[in-house]
Protein chains: 2
Amino acid sequence: MENIIKSENIVYFDNNATTKVDEKVVEAMLPFFSEIYGNPSSMYEFGGQVGKYIKDARAQVAELLGASDPQEIIFTSCGTESANMALRGVLEANPQKKHIITTKVEHPCVLNTTKWLEKKGYQVTYLSVNSEGDLDLNEFRNSITHNTAIVACMWANNETGVVFPVEKMAEITKEINPSTVFFVDAVQAAGKIPINVKNTKIDILGISGHKVHAPKGVGAIYIKKGTLVNPLIIGGHQERGKRAGTENVAGIIGLGTASILALKNLDDELTRIKALRDKLERGLLERVFNARVNGSRINRVPNTTNISFEYIEGELILLHLSDLNICASSGSACTSGSLEPSHVLRAMGIPFTAIHGSTRFSLSRYTTEKEIDYVINSIPDVIKKLNSISPFQKQLKELEEIKFARK
Amino acid sequence: MENIIKSENIVYFDNNATTKVDEKVVEAMLPFFSEIYGNPSSMYEFGGQVGKYIKDARAQVAELLGASDPQEIIFTSCGTESANMALRGVLEANPQKKHIITTKVEHPCVLNTTKWLEKKGYQVTYLSVNSEGDLDLNEFRNSITHNTAIVACMWANNETGVVFPVEKMAEITKEINPSTVFFVDAVQAAGKIPINVKNTKIDILGISGHKVHAPKGVGAIYIKKGTLVNPLIIGGHQERGKRAGTENVAGIIGLGTASILALKNLDDELTRIKALRDKLERGLLERVFNARVNGSRINRVPNTTNISFEYIEGELILLHLSDLNICASSGSACTSGSLEPSHVLRAMGIPFTAIHGSTRFSLSRYTTEKEIDYVINSIPDVIKKLNSISPFQKQLKELEEIKFARK
C-alpha cells in the first residue's frame, strides 16, 4: 500500500459519485464481520440475533424515508439493483400494461433498463426538460395512459442536482391512472432534502448506501404496502421473499446507522452545506468570466453545483484539478470513461461548447470552508491557463467583454 | 449490545450456512471504507487507484478458481445473484433454446429460478439422485438435447456435502451439444476442494464470499471467454458492462484476500479438517445407535457431515444443541424457517423418520479438536433424552437391537 492517495490528502468534491463512510458507520458494522457473524436465517440464537439488528436497520432506513412501516423497506445491493427491481418487478407483476414513462435525464440504471425493455416490446415515453433542467408537468400529464404500467423518475439529478416535483407528479399519476405505479430514484435526494414517503403517493423509492456515507454494496428500496413488485433476484426466502440471497449484514447495519446520521445532518445540509456550495458557486462565477451554472439554481439539492467553463475541455479541467488534489467530476461516474458528452446537459439544450467544459462539484458533511476557499482561489488560474490554449479565442473574448460590460 | 452472543461463546458447526470473516480479510477491507473511498469509475487518481485494487482482487479470485484470465471473473452481490445471472443471462443471450437441465437437489437460488423459468415457457429436466445423493450420468447424458440451453449443476451439495462430477458432466455436455452452456454452482465447493476451471469444459461458475470467510454481500461469477451471458443488473458500465452498479469495493477486496487464504488453507481443509469431520462422525455413530450419515461418505467435501438421528425431531435436536451453545443446522439456511423437510434428503429417498432428525455439521479452519470432543461428548446425552420422549419407541428398540447384534 505505497503511493496511495488517502482521503486526508485530497480535497473531495465528488460526493454525488460516492461518499466517505462515516466512522460511526464503520464502528457499527465491525462486530458483524468476525464476532456476530451468524446467518440471520439460522434457527439458533447466534444467527437469529442478527435478524434483530437487521430489523433495527430496517426501521432506521424507514425513518430516513418517512415510511410508516419498516416492512416496506427491502435491502438490495445498490441503487442500480433497486431501480432494476422496481422497473422489472412492477412490469412482471402487471404483464398486461406495456407503457413506461421516464425522463431523458435519468441515471443509466433507469435509461439502460428502459432501452432493454423497449427491445422486449415495451413503449417508453422519455420526458424532456427545459434549459433549467425542469420537466413540463403538462407534457407529463398528457403522457399518462390507461396502458402506463410505471413512471420512473429521479428525485434529484446526479449531475445538476435539479429536483423534480415527484410528490406532485405522483399525485398527477394517481389522478389520471390510479393503477400506474410511481417509482422514484431517490439516490441523490436521500440525506440532502427531506423525504417523507408516507405523506406522498409515491409507490416505490430506491436509495443507495454509498451516497449517504454507508459503504458501497448496499442499497434499499421502499415498496408501499399493497404495491405488487416481483423479486429480481430469485432464491431463498430472505427479505420476505422479495430479495433472495444471504443478507449483506454488515452493509445493512451500516446503512441503518448512516440513515440516522443522514437525518441528524439534514439541517446542516440545508444550511451550512448549502451556504458553502453557494459560496463556491458565487466565488467561481465572480472570478471566472466563462463560468456558468447548469440547471435551476432554485430547485436544487443543497450540495451540488454543475459549472461549465465555456469553450474549454472538461477532461483537461479535471486533470488540472487532479494535480491540485481536487476531486470533481464531469457528470456521472457511471457514464464517465465513455467521454460522451453528458446526456443530461444535452437534454437541457446546453451548447456543446459549454457541455464539454462542465464540472460537477458535490459537497458533503465533511466539506470545510477552507476547502471551498482553496477551490475558489486555485481554479481561476487553471481556467485562465486553459482559456489561453482554447481554439475558441474569438468566442472567449466576446464572452469576457459581455461580462465586463455587465459589471 | 448487551446479551449478545459473540463467536467466542459458541461452538460453531454451521460453516455451510456462513463463515466467520477472517481477521486478515477485515484488515484488508478496512482502508476502503473511510480512507481510500473513491469511486473506481472516477477520472481522478483517488478514485482510479481503487480500480487497481479491484484488479488485484479479480486476479486473486481467478487464482482460487484456476481461471486463465482474471477478466473472466465478474463480481456480484452473492452466490444467489451469480446463479440468477448465469441462468437468466445465458437464456436471454440464447433465446432460441428452451430446455434447461438441473438436479433435484440444487440450492433454492437455482430451483426457484428454474420454477420461475418454467412459467415463462421453459422446459426443465430435474435429474434425480440415488440414496447416496449421486447422479446417474446416463440419465444426464440422455437428457441433453439440441434444444438444451444450459445445464445448472452444483459442485458440492450444501446439505450433505456430496460432490457431483461436474468436470465429467461438462465433458459429456460438450460431447453431445457443444452449444449447451455448463454452469456450476460452486458456492459449497470453493475453498473445500481444488477447482481449476481452465482444465475443464465448465463455462460458468458461481461462488459466494461469505462461505469462504469473506463478508456477506459479495460473490463472483466466472464466465469463460466467449460465453454469451447477458447482464442481470442493467445500468452503468461497471464490470465491463456485465454487472452494473457501483462496485462493492471493500467486499471485493475482502473476497480477493479470502480467496488467497482459501487456497493457502486448502491442504489443511483436505487433511486436518477432514480428519476432524471424520472423528466427529465416527464418534457420534459409535455413541448414538440411531445415528446414520446421509449421503456418500466418499464423494464429499471434507468439512461436512449430515447425520440423521432417527425417529426424533430435528428442530428439537437443534434447540438442545443451542442450549449447549452448539450451532448446527437442519439443512440449508435459505430454506430453514419453512420447517419443510429437506428437498435434498427427500430426493435421496431417505425415510421421513430420518429426514426429520437430520442435522448438518459443517466445519471450518477455525474448528478445533476440543470443539469436536465437546460435541461428541455432549450430543449422546441429548439424543438419549430425546429418544425417551419419541413416539417411535418400538422402532428405536429394534434399531438398538440391530446395532448391538452387529457389535
Side-chain angles (χ1 to χ4, degrees), chain A residues 4-7 10 14 17-18 20-21 23 26 31 33-39 41-47 49 77-81 83-84 108-109 112-113 116 210 215-218 233-237 244-251 315 318 322 327 329-330 333-338, chain B residues 1 4-7 10 14 17-18 20-21 23 26 33-39 41-47 49 77-78 80-81 83-84 107-109 112-113 116 210 215-218 233-237 244-251 315 318 322 327 329-330 333-338:
Chain A
I4 277 246
I5 305 167
K6 289 193 178 179
S7 59
I10 49 133
D14 204 13
T18 194
K20 172 177 177 149
V21 181
E23 305 281 359
V26 178
F33 291 122
S34 311
E35 285 181 61
I36 313 167
Y37 63 82
N39 190 318
S41 299
S42 305
M43 292 276 300
Y44 44 78
E45 191 51 22
F46 178 66
Q49 66 183 356
S77 71
C78 57
T80 291
E81 185 190 326
N84 272 257
C109 67
N112 286 340
T113 301
W116 177 81
H210 75 102
K216 298 168 184 66
V218 65
I233 296 182
I234 299 167
H237 58 83
T246 299
E247 298 86 344
N248 176 358
V249 175
E315 311 295 326
L318 294 182
S322 195
C327 299
S329 86
S330 63
C334 292
T335 43
S336 77
S338 70
Chain B
M1 291 239 180
I4 276 250
I5 305 167
K6 290 194 178 179
S7 59
I10 50 134
D14 204 12
T18 195
K20 174 177 175 150
V21 181
E23 306 281 0
V26 178
F33 292 123
S34 312
E35 284 180 64
I36 313 167
Y37 63 81
N39 190 319
S41 299
S42 303
M43 292 276 301
Y44 43 80
E45 191 50 22
F46 177 65
Q49 66 182 357
S77 71
C78 57
T80 292
E81 185 191 324
N84 272 257
H107 187 273
C109 68
N112 286 339
T113 301
W116 177 81
H210 75 104
K216 298 168 183 68
V218 66
I233 296 182
I234 300 167
H237 56 83
T246 300
E247 298 87 344
N248 176 357
V249 175
E315 311 295 326
L318 295 183
S322 194
C327 299
S329 87
S330 63
C334 292
T335 45
S336 76
S338 69

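To find a chain, count down the sequence lines: A is the first, B the second, and so on, and within it residues start at 1.
The candidate with the highest count of non-hydrogen atom pairs below 4.5 Å against chain A, out of Thr18(B), Asn248(B), Asn112(B), Ile5(B), is Ile5(B). Annotation: maximal heavy-atom pairing with chain B below 4.5 Å, among Val249(A), Leu318(A), Val218(A), Ile10(A), occurs at Ile10(A). With chain A as partner, the option from Ser77(B), Gly251(B), Ser34(B) having the largest number of non-hydrogen pairs under 4.5 angstrom is Ser34(B).
Using a 4.5 Å heavy-atom cutoff, the side chains of Ile36(B) and Ile4(A) are in contact. Looking at Ser322(A) and Phe46(B), their side chains never come closer than 4.5 Å, going by heavy atoms from C-beta outward. Between Tyr44(A) and Asp14(B), some side-chain heavy-atom pair lies under the 4.5 Å cut-off.
Ile233(A) approaches Thr80(B) most closely through the heavy-atom pair CG2-CG2, 3.5 Å. Closest approach of Lys216(B) and Glu247(A) over heavy atoms only: CB-O, 3.2 Å. Of all the heavy atoms in Cys78(B) and Gly245(A), the pair that sits closest is SG-CA, 4.0 Å.
Residue Cys109(A) touches chain B through both its backbone and its side chain, counting heavy-atom pairs closer than 4.5 Å. At a 4.5 Å heavy-atom cutoff, the contact between Gln49(B) and chain A is made by side-chain atoms alone. Contact annotation for Val26(B): only side-chain heavy atoms (C-beta onward) come within less than 4.5 Å of a heavy atom of chain A. Looking at Ala250(B), neither its backbone nor its side chain comes within 4.5 Å of chain A, counting heavy atoms on both sides. At a 4.5 Å heavy-atom cutoff, the contact between Asn84(A) and chain B is made by side-chain atoms alone.
The distance from the CE atom of Met43(B) to the SG atom of Cys327(A) is 12.0 Å, given to the nearest 0.5 Å.
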